[in-house]
Amino acid sequence: MGHRRSKGGGALSYYITTPIYYVNAEPHLGHAYTTIGADILARHMRQRGEDVFFLTGTDEFGEPVAKAAEEQGVSPRELADRNSERFRALMPKIDASIDFFIRTSDPGHGAKVQEVLQRVHDNGHTYEGTYEGYYCPRCADFKTPTELGPGNTCPIHEIVLELEMEQNWFFRLSAFQEQLEQLYEDDPTFVLPDFRRNEALAFIKGGLQDVSLTRPKLSWGVPAPWDPDQVIYVWFDALLNYYTALSYAREGEDLTDRFWPATLHVMAKDILKFHSVYWPALLLAAGLPLPKGLYVHGYLLMDDKKMSKSLGNVLDPFEVIERFGVDALRFYCFREVSFGQDGSISPAGFEQRYETELANDFGNLASRTLAMIERYRDGTIPAGEVDAALAGGDDGLGDLRVRVCELLDRAEISRGLEACWAAVRRLNRYVEERQPWVLAKGEERSSELDDVLYNLAEGLRVVTLLLAAYMPGTCDKLLAALGVDGRELADLGSRGGGAEVERIPALFPKLEAAE
Ligand SMILES: [Zn+2]
């Protein structure tokens, strides 16, 4: 997909975002999943030398926060401050290498929202009207008749909705019907995966209705600049975070020209409509360039239900990290469930992959490679020739970097990981086939042993550099042990022999029996 572009022949700009998380929720594995997915892409693109900006943050305005604050007897600002901090604290725990954490209550955000929406108003895309519809206070969204569950309920929250009537400013979404259809026609990869694109396009082709842009009677929000009695509907203010953050993320510097339009918005499927329909229409109305693409992922399911606080089946990522380490969590989420699809996860599945893939496949490859170089060559990687048998074939190491880069260009995070894992297994088979311990028995096969050890060290270096985006802490340790300084991606044979290696404790220690 043509999602990246060069600025003046230098590094490509790569601006990636997660949704901003609603402060009323507790951070759970779903938030971690989206953020880790975006982080893998951000880290990978940095390794390719691209000019990366990675944004996450919290969505803080709207009726649900105002109501929760009232119930708790605090101001909405106090509640938002407290809850936003929990999401900020999640970032280092999951090793998310964010460049900025936006809060929609930031003054810089509100000012920029007003500037953009004044332009939408001035361009004639708003009008005053009366809205009547079924409103879910927990979604902060009106439901169209086709979106209502049985008995006028919210299908997500399973609560009965009230018919509400209010005076609003409307956004002329219907005026963008043709332009949106054209956008999807012109850029078939605007929304990935394909089946999500089809969903979005079907929604558009079903006929777009104008939507409320403002809401009256609320004080916790960004006032509409042309009518301060109304505040901007929380979804529009939230969507604009992707654009506003660039204007104030760095003090005294406006990053908008450097990074806008965004390269990729990553999100879960429940907010597809807002991002694939409302968001491009709003930008068109303001005369701003559209993001290059959206990647929509599925849900991690336990007992085949979406994980959420309100459904009471939350798997706590902090507990998982405590016991298995953050890299095991980062690995498992993208290994067990193909990114883009829904899929089931379980503690048993987790432990199995930890043992067989992390401890056995990868951990053993690392420890035996380091151990054999130390034992047979005093800890110095010998010089050698690239082995054509290891380099070639479908799972060959020769074009691994190119294959993984192509997959991650399309945000195919699980398939990229699968390609790396095939290489890990290929290297383990190489050890079994070439039997370095047999070659080491006499001097006469010494140069053959040099070649095998060289290829093992090279193969491990190449695959670990690619895996560093997925499991940064673990790969840093292993790369240091292999005498690798930089994090640029590499091809088999691009480094000669001579580096000193050192032995390190097991990367993924065997599990203690569960209590
Ligand atoms: Zn709802």
Side-chain angles (χ1 to χ4, degrees), residues 18-31 33-34 58-72 76 79-80 83-84 87 104 131-166 168 170-171 173 196 199-200 202-203 206 208-218 220-221 231-239 241 267-279 296-314 342:
T18 74
I20 47 175
Y21 302 121
Y22 205 56
V23 279
N24 260 12
E26 289 277 350
H28 60 65
L29 191 56
H31 304 115
Y33 183 50
T34 310
T58 44
D59 177 8
E60 307 187 3
F61 287 128
E63 196 175 355
V65 172
K67 272 194 172 155
E70 198 182 303
E71 281 161 22
Q72 295 176 36
L79 183 73
N83 289 3
S84 177
F87 283 92
T104 54
Y131 189 89
E132 193 182 74
Y134 288 94
Y135 181 78
C136 176
R138 288 164 73 184
C139 291
D141 188 21
F142 283 100
K143 301 289 166 188
T144 65
T146 55
E147 290 171 324
L148 281 175
N152 299 326
T153 52
C154 168
I156 297 164
H157 294 104
E158 297 171 356
I159 52 173
V160 177
L161 305 185
E162 300 288 321
L163 191 63
E164 292 201 16
M165 197 194 290
E166 60 185 32
N168 287 342
F170 279 70
F171 172 54
L173 181 63
R196 297 295 177 202
E199 245 174 72
F203 183 86
L208 296 178
Q209 310 282 322
D210 294 343
V211 291
S212 300
L213 179 63
T214 66
R215 300 208 59 211
K217 294 175 292 190
L218 278 181
W220 184 234
V231 296
I232 301 303
Y233 182 44
V234 65
W235 268 105
F236 286 105
D237 132 52
L239 284 166
N241 92 89
M267 75 207 66
K269 64 184 182 180
D270 56 340
I271 50 179
L272 172 67
K273 180 181 77 179
F274 293 101
H275 283 81
S276 63
V277 182
Y278 294 21
W279 179 223
V296 184
H297 69 76
Y299 291 146
L300 299 178
L301 306 170
M302 294 191 76
D303 309 325
D304 298 327
K305 274 204 162 182
K306 181 196 170 194
M307 266 186 296
S308 85
K309 189 75 179 170
S310 56
L311 294 174
N313 60 347
V314 175
D342 289 345

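Only heavy atoms go into these numbers, but all of them, side chains included; no hydrogens, no water, no symmetry mates. Start at 1 and go down the list; that is how both ligands and their atoms are numbered.
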Distance below 2.8 Å from the Zn ion (ligand 1): how many protein N/O/S atoms qualify?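 Every protein N, O or S atom under 2.8 Å from the Zn ion (ligand 1) counted, the figure is 4.
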Charged N to carboxylate O below 4.0 Å: is that the case for Lys67 and Glu70?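 Salt bridge flag = no for Glu70 with Lys67.
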Are more than 12 heavy atoms from other residues, nucleotides or ligands located less than 6.0 Å from atom CD of Gln72?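 Yes - once you tally the heavy atoms of other residues, nucleotides and ligands closer than 6.0 Å, there are more than 12.
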Could you tell me which residues satisfy side chain to side chain donor-acceptor pair (under 3.5 Å) with Glu166, sequence neighbours excluded, listed by chain and number?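 Applying side chain to side chain donor-acceptor pair (under 3.5 Å) to Glu166 gives Asn168, Arg215.
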Test item: [X] side-chain N/O and [Y] main-chain N/O as donor-acceptor pair under 3.5 Å:
X	Y	value
Asn152	Val160	no
Trp220	Glu60	yes
Thr104	Asp59	no

